[in-house]
A.B. asks: 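One structure coming up, written as structure tokens, with questions to follow.
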Amino acid sequence: MSNVEKSLKEITEKYAKDSGRLMDILIDVQSEFGCISKEAVSVIASELKISEVDVIQTRSFYHFFTEKPVGKYAVYINNSVTSGFFGMKDVVDEFEKQSGVKFGETTSDGLITLKYTACIGMSDQEPAALINSVVFTNLNRDKVRKLIAEMREGKNVQDMVTEYGDGNNTHPLVKSMVKNNIRKAGKVCLGEYTAGAGMNKAFSMSPADVINQVKDSNLRGRGGAGFPTGLKWMYCSNESGEKFVLCNADEGEPGTFKDRVLLTERAQQMFEGMAIAGYAIGSNKGIIYLRSEYLYLKKYLENVLDEMRKNNLLGNNILSKGFDFDIRIQLGAGAYVCGEESALIESSEGKRGEPRNRPPFPVQKGYKNKPSIINNVETFCSATKIIENGAEWYKSMGTNESAGTKLLSISGDCNNPGVYEVEWGLTIKEMLDMVGATDVQAVQVAGPSGTCISPSQFDKKIAMEDLPTGGSMIVIGKNRDLLKDVVHNFMEFFEDESCGSCVTCRSFNMILTRQIEKVIEGRAIKSDIKNMQDWSAIVTKTSRCGLGQTSANPVRTTIQNFRELYESKTKDAEYHSDFDMDKAILESCEAVGREPKLHE
Ligand code: SF4
């Protein structure tokens, strides 16, 4: 047996040869060998007793898995909108100049690979990149020159980080240059936190009372969809048998990064929320699905879990109340669609992150087809404080329909980008004053899948009943080319991230991207605007999951709110086609030697 085969077998044994842990196995293989080769696929398939196709289809789905080896240093630069705003072009140019290869290539000595990736959750400190999963922020030409020189010296990537960020970013298990940039702490998620207080209170109540408390608080899911959390917990509690609590820490919406800050500063509050949910619905097992881009926090999070176990806040007989609950961390490998709850479940089971058809809903058949609840990081942090302080305390903040506070990740053209915990009901104008933004052309509310609003709408309120958001807020200055710098970037993002199951999502996002290019390049005519609206409606109505249903929003909402921009770039002309269908049929029949049948 070769050494490679021996290592591969050891990796599969680490996960008890469980095909449900295929993601973890592939992550370990990619990390150890720099790729998941044909040989690796064959050994993994045979050890897990699954087909090679099963392994290949998972490998091919995720951005950070590769069949061919990446360089010793794998550079993934974030090509999001804010990265573009603040100098990505220069950084890309310098990486290419210094390494001698283009993005998408590896140096001939196998030292450096350059790749693009979607938003890595650092929109307040762009341009940013991952190098072998270590985060580098605020890049510029000088920093790139230094990084490439250090790669040539063979330096360890972690040692290239010389300055650390704030808060727990300096923790020995994190040691990251990432900054929290907490600009405003509210009372719920970033306010004072007493470890164990929420849990203690929950265990003094019945599970039904815990659910009622969350229901009464009007807490709604903070991932964006806004489904009432208490209701979700109640539906799951009504099911019987083994159940699971899943935490969605896969914030992939470009422009959002507030869950990264909560994971860094309020991890225990979030884990407590998961345990409280477990108690309420009757589950003993929790899984946190951590996006691969936040791998640098994994050891720290594992340490928080270990400390909680030592303090009897997790594990068996928690706080001597007879309740058992534990949590494992499931890493992703780069796929925006895995933020969709059923895709997240599929991925957690080791499969491609393709959304499931619904019903059945996850509360009925979720992880391993068992009843499961999925809430995001901010929702669990909020639930802990709601149980500690009561529903009325929570409802005293926010608006009638949107109770409590909301964490906003604010980036783009403003003086103070960062995380703000505000009460629902803040107007966009108040938000712009708060972050020091002037000369604003537009605000992208809720990321690419949200809505792009114009100054005439800045008196709208950030609230479920007016402007709902999962937290991403990108300020777009008047100096930006809205179509080229923003809409086109977003549409390319959706084109890349569609899982490909639905024809409309797979094709129309590509078509809409090409249409936007026509508009930008001055090749479009007025009827193209109408076509884009029609096609946007089709993809919205006919796509299976939230990704497709919202993917046309960058086009749809900018045509709606910035119509004059489209009008000014399109020609008032009729469409004339020189294409002759009969001639084309004759030519193709001739080419294949078939008798033409015209106008039957
Ligand atoms: Fe996949 Fe798009 Fe269909 Fe969602 S809408 S299932 S991402 S193809």
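Atoms within each ligand, like the ligands themselves, are counted from 1 in listed order. Counting begins at 1 with the first residue of the sequence.
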A.B. asks: Quick one: sort the Tyr336 and Phe493 rings into parallel, tilted or perpendicular, breaks at 30° and 60°.
C.D. replies: perpendicular

A.B. asks: List every atom of ligand 1 that sits less than 4.0 Å from any heavy atom of Ser498, numbering the atoms from 1 in the order shown and giving each element.
C.D. replies: 2 (Fe), 8 (S)

A.B. asks: Note the single closest protein heavy atom to atom 3 (Fe) of ligand 1, along with its residue, its atom name and the distance in Å.
C.D. replies: Cys502 SG, 2.3 Å

A.B. asks: Verify the ring-centre separation between Phe271 and Phe380: is it less than 6.0 angstrom?
C.D. replies: no

A.B. asks: Which residue and non-hydrogen atom of the protein lie closest to atom 2 (Fe) of ligand 1, and at what distance in Å?
C.D. replies: Cys505 SG, 2.4 Å

A.B. asks: Judged by atom type as modelled, is there a donor-acceptor pair below 3.5 Å linking the side chain of Arg21 to the main-chain atoms of Tyr15?
C.D. replies: no

A.B. asks: When you measure from the side chain of Asp466 to the backbone N and O of Lys461, does any donor-acceptor pair fall under 3.5 Å?
C.D. replies: yes

A.B. asks: Relative to Phe85, does Arg480 satisfy both conditions: NZ or CZ under 6.0 angstrom from the six-membered ring centre, and within 45 degrees of the ring's axis?
C.D. replies: yes

A.B. asks: Hey, which atoms in ligand 1 end up nearer than 4.0 Å to a heavy atom of Gly548?
C.D. replies: 5 (S)

A.B. asks: Counting backbone and side-chain atoms alike, does Cys545 have an N/O/S atom under 2.8 Å from atom 4 (Fe) of ligand 1?
C.D. replies: yes

A.B. asks: Distance to 0.1 Å, residue and atom name: give those for the protein heavy atom nearest to atom 7 (S) of ligand 1.
C.D. replies: Cys499 N, 3.5 Å

A.B. asks: Any atoms of ligand 1 less than 4.0 Å from a non-hydrogen atom of Ser543? List them with their elements.
C.D. replies: 5 (S)

A.B. asks: Arg506 near ligand 1, heavy-atom distance under 4.0 Å?
C.D. replies: no

A.B. asks: Are any side-chain N or O atoms of Thr405 and backbone N or O atoms of Val422, one a donor and one an acceptor, separated by less than 3.5 Å?
C.D. replies: no

